[in-house]
Amino acid sequence: MNHFIITGASRGIGRSLAVALAGPGTTLHLTARGDLGELLETVSKRGAAAHAWQFDLARTDGITLLTEEIFANINKDEAGLIALVNNAGMLQPIGPIGKHDTDQYRQNLEVNFVAPALLMHEFVKRTANFSGELRVLNVSSGASKNAYHGWSHYCSTKAGLDMLTDCLHLEHRARIKTFGFNPGRTDTKMQDEIREQSPEDFQYVQSFIDAKTQGKLNSPETIAEMMKIVLLEDRFEPGRMVSTRDF
Ligand SMILES: NC(=O)c1ccc[n+]([C@@H]2O[C@H](COP(=O)([O-])OP(=O)(O)OC[C@H]3O[C@@H](n4cnc5c(N)ncnc54)[C@H](OP(=O)(O)O)[C@@H]3O)[C@@H](O)[C@H]2O)c1
């Protein structure tokens, strides 16, 4: 049995990944704040076992309990692969530093950085005696390497996540295959939110509007198929950042 823990499964890339992975021999452990009932039905019809947790990743003090519950559903004696996909992410607050309420910046830091960091820590701890295959896939962004005016916290948390990817690989490569993945501009609600911004808050907004109009966005289904390859095949060296250009 292959187990996949996927955060941010309610829509966009995370939802498409859950559907792409769904099939006999697979158990999906899905989290999001939104309702996952319809997705559970969809993946069950494709032959997967699935569990869902409605959990707000900004509540990082609940992550130990969340992972305890997830791992209670993983029979390690029968598992071949256990994988963690840190996919959930948020762009907001968009606008220059200092513009929004402190709590909005805190939420961004918790969801994009603290939550995946603690999930990785729990994953390493809870799989310590597991002799099967382990993989971690952290969803990054081009913004982790480039400062975008108005995206300070998104850029910074993704840069931090990249460093955690490097550190996890460095420390645990003997038993965990760790990857970063940059999906590029993908047609999800996150892109809808970007196009709604004013040029004052986000000065590159027109280029994102143009990309949508010109049909230049990746589909979440295509991205999910690429992530499936990273999770199930040995095409890429662990420790590296995989991007759409690699396919
Ligand atoms: N789309 C792009 O162009 C693009 C480009 C580069 C990187 N990425 C990255 O790709 C990943 C997926 O993004 P997407 O484009 O699929 O975005 P999306 O459609 O907005 O989906 C984001 C997912 O994250 C979950 N999430 C957000 N806040 C959460 C919270 N507080 N607690 C729990 N879950 C939360 C959402 O679920 P709920 O709202 O139901 O909680 C949703 O399932 C993100 O890490 C993003 O940074 C996207």
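Each ligand, and each atom within it, is numbered from 1 in the order the structure gives. None of the values given here were measured: they were computed from a predicted structure.
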Is ligand 1 under 4.0 Å from a heavy atom in the side chain of [X], in the backbone, in both, or in neither?
X      : value
Ser10  : both
Ser140 : backbone
Lys158 : side chain
Ala115 : neither
Asn87  : both
Phe55  : backbone

Among all protein heavy atoms, pick out the one at the shortest distance from [atom]; state its residue, atom name and that distance to 0.1 Å.
atom                    : value
atom 15 (O) of ligand 1 : Thr188 OG1, 2.5 Å
atom 18 (P) of ligand 1 : Arg11 NE, 3.5 Å
atom 4 (C) of ligand 1  : Gly184 O, 3.7 Å
atom 26 (N) of ligand 1 : Ala88 CB, 4.0 Å
atom 2 (C) of ligand 1  : Thr186 N, 3.5 Å
atom 16 (O) of ligand 1 : Ile13 N, 2.9 Å
atom 6 (C) of ligand 1  : Pro183 CG, 3.6 Å
atom 10 (O) of ligand 1 : Val139 CG1, 3.3 Å

contact_flag Met90 ligand 1 heavy-atom lt 4.0 Å: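 It does not; every heavy atom stays at 4.0 Å or beyond.
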Next on the checklist: Tell me whether ligand 1 is touched by Pro220 - counting only heavy atoms on the residue side and a distance under 4.0 Å.
Outcome noted: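 Per 4.0 Å heavy-atom rule, Pro220 does not contact ligand 1.
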Any nitrogen or oxygen of [X], side chain or backbone, less than 3.5 Å from one on ligand 1?
X      : answer
Leu57  : yes
Asn182 : no
Gly14  : no
Arg185 : no
Val111 : no

Could you please spell out the steps behind the side-chain contact (heavy atoms from CB on, under 4.5 Å) verdict for Phe123 and Thr67?
-> CA-CA 8 Å; Phe123 182 84; Thr67 51; over 6 Å; no
Look at [atom] and find which of [options] reaches it with the closest heavy atom.
atom                    : options                : result
atom 17 (O) of ligand 1 : Glu110, Met190, Glu193 : Met190
atom 22 (C) of ligand 1 : Gly12, Gly89, Ala18    : Gly89
atom 41 (O) of ligand 1 : Gln107, Arg33, Gln54   : Arg33

In short, Val136 meets Met120 closest at the heavy-atom pair CG1-CG, 4.2 Å
Checking side-chain polar atoms at under 3.5 Å, does Gln206 have a donor or acceptor matched by the opposite partner on Asp210? yes
Flag for Thr64-Glu68: side-chain donor and acceptor within less than 3.5 Å:
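Looking only at side-chain atoms, Thr64 and Glu68 do not form any donor-acceptor pair under 3.5 Å.
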Requested in this report: List the steps and the verdict of salt bridge (Lys or Arg N to Asp or Glu O under 4.0 Å) for Arg173 and Glu237.
Outcome: CA-CA 11 Å; Arg173 64 183 152 199; Glu237 273 294 298; over 6 Å; no
| message | Given 3.5 Å as the limit, does a donor-acceptor pair link the side chain of Tyr148 with the main chain of Phe202, or not? | response |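 Flag not set: sc Tyr148 to bb Phe202 has no pair under 3.5 Å.
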Taking atom NZ of Lys76 as the centre, does the number of heavy atoms from other residues, nucleotides or ligands within less than 6.0 Å exceed 12? yes
